[in-house]
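Right, one structure below, let's go through it.
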Amino acid sequence: MKLLLNNKLLFETLRPFDDLGFVPTMGGIHKGHLSLINKSNKLCKKTIVSIFVNPKQFNNKKDLKSYPINIKKDLKILKKSKKVDFVYIPKFKDIYKDKKKTKMTLSKKDKILCAKFRNGHFEGVLDVMNRLTKIVNPQKIFMGEKDFQQLYLVKKLLERNYKVKIISCKTIRDKSKVALSSRNFLLDKSDLKVAANIYKKLLSIKKNIKNKKNILNFLNLKKIELRNNFKIKIDYLELRNINNLNISKTNKNSRLFVAYYLNKVRLIDNI
Ligand code: AMP
């Protein structure tokens with residue numbers, strides 16, 4: 001596993017490879033990231049993982065400050081996996097020195113879910129993914145369904161502009177079915193128990209949607225119920241079509257999207 005700590009070294013090292021799988025991360029490596037790495041390792045000759053906490057996608061300074069960073073631990077886990085050929089850990093200037101990049105904007109139709117509640121977040125994500133793709137120049141990029149809206153928007157942008165395929169990977173959960181996330185490192189045991197109970201409740205809501213005539217009404221009621229029972233702030237609880245992210249009137253091709261705060265930590269999931 002070779003460390004690439006600047007762009008010059010990255011360009012020199014990657015030049016010979018034309019079957020490169022790329023797993024972009026913000027560190028805090030967990031089994032969710034490792035599942036993307038495993039898939040890349042199976043489908044591509046070489047796998048590169050990046051660790052870069054992109055300040056431009058944080059709409060909240062406190063959130064950026066508290067983001068769990070432990071590069072030493074991450075490198076240990078990545079090395080132990082034996083599935084990673086290169087780890088790219090760029091500095092801010094490696095990514096942002098090219099100032100000419102076009103400004104990313106979202107269409108009105110895309111300003112939903114997290115885009116509605118985290119102003120500027122996806123503009124930052126699209127910008128950094130555009131820059132990373134230009135720098136790393138991979139054939140495939142592996143991304144998790146846990147961040148479904150991110151996957152949807154990045155796929156739309158990158159597959160239109162680059163010769164790259166975005167490979168979506170299933171959400172990996174812990175034993176109690178809570179979706180793994182670097183942000184879970186900020187939660188204690190009792191928070192995680194609450195998250196597990198919320199997941200159970202969401203699962204039953206999703207099942208019950210089938211019989212409901214007015215899904216919007218039903219979900220609004222369930223949102224209030226969840227908020228009161230678990231004392232959580234909920235940004236959204238919406239059933240949406242997985243192909244176009246439109247509001248859905250049936251369970252078919254649809255997922256229940258949720259974002260909520262547990263102890264000031266913002267968690268998202270889709271079921
Ligand atoms: P992050 O480091 O949180 O920016 O995530 C890097 C990549 O890992 C993104 O494509 C995420 O969607 C993916 N990812 C994060 N958590 C999970 C998970 N529990 N299961 C699958 N993929 C995940």
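These numbers come from a predicted model, not from an experiment. Numbering of ligands and ligand atoms starts at 1, following listing order.
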Using the test side chain to side chain donor-acceptor pair (under 3.5 Å), find all partners of Ser190 that sit at least two apart in sequence or belong to another chain.
-> Asp188

Is a side-chain donor-acceptor pair under 3.5 Å present for Asn130 with Tyr162?
-> yes

Determine, using ring centers only, whether Phe52 and Phe92 are less than 6.0 Å apart.
-> no

With ring centroids as reference points, do Phe22 and Phe142 lie under 6.0 angstrom apart?
-> no

Qualifying residues under salt bridge (Lys or Arg N to Asp or Glu O under 4.0 Å), relative to Lys8, sequence neighbours excluded = Glu12

Can you run down the side-chain hydrogen bond (donor to acceptor under 3.5 Å, both in side chains) pairs that involve residues 74-90, sequence neighbours left out, and say none if there aren't any?
-> Asn7-Tyr88, Asn38-Lys83

Distances only, to 0.1 Å: what are the N or O pairs between ligand 1 and the protein that fall under 3.5 Å?
unit_1: ligand 1; atom_1: 2 (O); unit_2: Met26; atom_2: N; d: 2.9
unit_1: ligand 1; atom_1: 2 (O); unit_2: His33; atom_2: NE2; d: 2.9
unit_1: ligand 1; atom_1: 5 (O); unit_2: His33; atom_2: NE2; d: 3.4
unit_1: ligand 1; atom_1: 10 (O); unit_2: Gly144; atom_2: N; d: 3.0
unit_1: ligand 1; atom_1: 12 (O); unit_2: Gly144; atom_2: N; d: 3.2
unit_1: ligand 1; atom_1: 12 (O); unit_2: Gly144; atom_2: O; d: 3.2
unit_1: ligand 1; atom_1: 12 (O); unit_2: Asp147; atom_2: OD2; d: 2.6
unit_1: ligand 1; atom_1: 16 (N); unit_2: Leu180; atom_2: O; d: 3.3
unit_1: ligand 1; atom_1: 19 (N); unit_2: Ile172; atom_2: O; d: 2.9
unit_1: ligand 1; atom_1: 19 (N); unit_2: Leu180; atom_2: N; d: 3.4
unit_1: ligand 1; atom_1: 19 (N); unit_2: Leu180; atom_2: O; d: 2.8
unit_1: ligand 1; atom_1: 20 (N); unit_2: Ile172; atom_2: N; d: 2.9

